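For this chain, numbers begin at 1 and follow the sequence in order. None of these values were measured; they are calculated from a predicted model.
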Amino acid sequence: MPSSFDLSGKVAVVTGGAGGIGRALAMGLADAGANVVVASRGLPGLEAVAKEIRGKGKKSLAISTDVTDARSVEAMVARTIEVFPQIDILVNAAGLAIRKPADTFPIDEWQRVMDVNTRGTFLCCQAAGKVMIKQRKGKIVNISSVRGRYGLPVGYAAYCASKGAVDTLTRTLACEWAKHNVLVNAIAPTVVETELTKELLADAEYAKTLKARIPMGRWALTDDIVGPCVFFASDASNFVTGQILYIDGGVTTW
C-alpha cells in the first residue's frame, strides 16, 4: 500500500508555490518523491522554495507566472516540458481573497478575485491538460474552499463565488477528461493559518465566529492539506475523479 503513494519520478507543477499553502504542498510532493516546478509572479520567493526542494534531493524549477494571463501560463507549461519529460501532476494553489461588503464591493476588485481564483485555475488546467491528454494520464488537484459550498456573512461575495466556480469546473473537467485518464479533483479547506490570514484571525470577534463553526475547535494548518494532496496526486486515487474533499475539521457536517 505505501507504494501507491510514492511519487518518485513524477513531475509536479504547483502554482502559488511561494505562498503558505502552495509552498507546503510543493514540499509535501517533494517529500513523497516528486520533482517539483513552482510558479507564481514573485520569482525571488519561488527560487527560495526551489532551492529548499533541491536540498531534499529532488529536481526543482522556479518559473515566474501570471496565472491570469494565457500566454504566461502557456510559457510556464512549455518551459516545464523543455526541462522535464512530462507533467504528471498539477496543483492549482494560486489564490486571492478580498473581503468587502457585497453592496459596496468595487466590481474591478471582485473581478480580480474571479480572475485569479477561477480564470487562473482554468487556464492552468487547460494548458497542463493538453499535455496530460497527449500522455494519456495526469492528476490535477484544484484548491477550493468550504466557501465554495457555504456562504459567509463577512464580505466574501467574490471569494465564495470564485470557489463555487472552481468546484463546478473541477467536476466538469473530470467528466470531460476521464476518457483520457486525466483525473481532476479538488481540496476544500476551512480557514488555514498562514502569513496571509494571521491578521484576519487576529480579529477576535471574527475568529470567534469562525471557530464556533469548526467542531474540532481549531484552524487548519498547512500540513493538514499535504496528505490529501498527495493522495489525489498519487496512484492511490486512480479511480477517483470529480470529487471535492473537505479538509475542514467538521465544518461541513452541519
Side-chain angles (χ1 to χ4, degrees), residues 1-2 4-5 7 14-32 89 91-99 113 117 121 139-171 174 183-234 236-237 240-254:
M1 179 58 72
S4 298
F5 296 88
L7 301 180
V14 180
T15 70
I21 293 176
R23 178 190 173 280
L25 296 182
M27 293 298 173
L29 292 170
D31 286 337
I89 302 154
V91 178
N92 285 305
L96 175 66
I98 298 175
R99 183 163 66 108
V113 174
N117 295 355
T121 297
K139 300 290 187 76
I140 296 176
V141 184
N142 295 325
I143 304 303
S144 182
S145 167
V146 295
R147 298 305 149 204
R149 176 175 174 180
Y150 291 105
L152 196 64
V154 286
Y156 276 94
Y159 186 78
C160 291
S162 71
K163 293 303 185 178
V166 167
D167 287 354
T168 303
L169 176 64
T170 297
R171 297 186 184 102
L183 310 186
V184 188
N185 294 287
I187 292 169
T190 185
V191 62
V192 182
E193 185 176 317
T194 67
E195 287 299 321
L196 293 178
T197 60
K198 278 186 177 179
E199 183 177 348
L200 187 64
L201 297 177
D203 181 332
E205 190 62 32
Y206 178 73
K208 181 181 177 181
T209 299
L210 283 183
K211 190 169 285 187
R213 287 285 301 171
I214 305 174
M216 287 186 68
R218 69 168 177 85
W219 318 122
L221 304 176
T222 55
D223 284 349
D224 293 320
I225 317 299
V226 173
C229 183
V230 171
F231 167 68
F232 279 142
S234 71
S237 62
V240 181
T241 195
Q243 300 304 304
I244 315 299
L245 179 57
Y246 294 99
I247 313 301
D248 64 0
V251 168
T252 52
T253 60
W254 67 295

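Proximity of Thr222 to Met27: side-chain heavy atoms (C-beta onward) are nowhere separated by under 4.5 Å. Between Val226 and Leu25 there is a side-chain heavy-atom pair separated by less than 4.5 Å. When side chains are defined from C-beta on, Thr253 counts as touching Pro215, because their heavy atoms get closer than 4.5 Å. In this structure the side chain of Thr170 reaches within 4.5 angstrom of the side chain of Val184, judged on heavy atoms. Counting heavy atoms from C-beta outward, Arg171 and Asp167 have side chains that approach closer than 4.5 Å.
With hydrogens and angles ignored, the 3.5 Å screen pairs a side-chain donor or acceptor of Thr15 with a backbone N or O of Ala93. A donor-acceptor pair under 3.5 Å is absent between the side-chain atoms of Lys208 and the main chain of Asp203, judged by distance alone. In this structure, Thr168 contributes its side chain and Ala165 its backbone to no donor-acceptor pair below 3.5 Å.
For the pair Ala32 and Val230, the tightest heavy-atom approach, listed with the atom from each and the gap, is CB-CG1, 4.1 Å. Scanning all heavy atoms of the two residues, the minimum distance from Lys211 to Gly217 falls at CD-O, 3.7 Å. For Ala157 against Ala161, the heavy-atom pair with the smallest separation is O-CB, 3.3 Å. Shortest non-hydrogen contact noted between Ile244 and Ala188 is CG2-CB, 3.8 Å. Thr241 and Ala174 get closest at one heavy-atom pair: OG1-CB, 3.3 Å. Minimum heavy-atom separation, Trp254 to Ala212: CZ2-O, 3.7 Å.
We find the CZ-CG distance between Arg147 and Asn117 to be 14.5 Å, quoted to the nearest 0.5 Å. We find the OH-CD1 distance between Tyr246 and Ile187 to be 12.5 Å, quoted to the nearest 0.5 Å. Between the CD atom in Gln243 and the CG atom in Leu183 there is a gap of 11.0 Å [rounded to 0.5 Å]. Between the CD atom in Glu205 and the CG atom in Leu210 there is a gap of 10.5 Å [rounded to 0.5 Å]. With rounding to the nearest 0.5 Å, the separation of SG in Cys229 from CD1 in Ile89 is 8.0 Å.
Within the structure, no pair that satisfies the ring pair (Phe, Tyr, Trp, His ring centres under 6.0 Å) test touches residues 211-232, not counting sequence neighbours.
Salt bridge status for Asp248 with Arg149: absent, with no side-chain N to carboxylate O gap under 4.0 Å.
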Notebook entry, point to check: Is there a side-chain contact (heavy atoms from CB on, under 4.5 Å) between Leu29 and Leu7 once you walk through the steps?
Noted result: CA-CA 7 Å; Leu29 292 170; Leu7 301 180; 3.6 Å; yes
Problem - Ile214 and Val251: CA distance, side-chain angles, deciding distance, side-chain contact (heavy atoms from CB on, under 4.5 Å) verdict - result: CA-CA 5 Å; Ile214 305 174; Val251 168; 3.6 Å; yes
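The side chain to side chain contact (heavy atoms under 4.5 Å, CB included) search around Thr121 returns Asn92, Cys125, Asn142, Val166, Leu169, not counting sequence neighbours.
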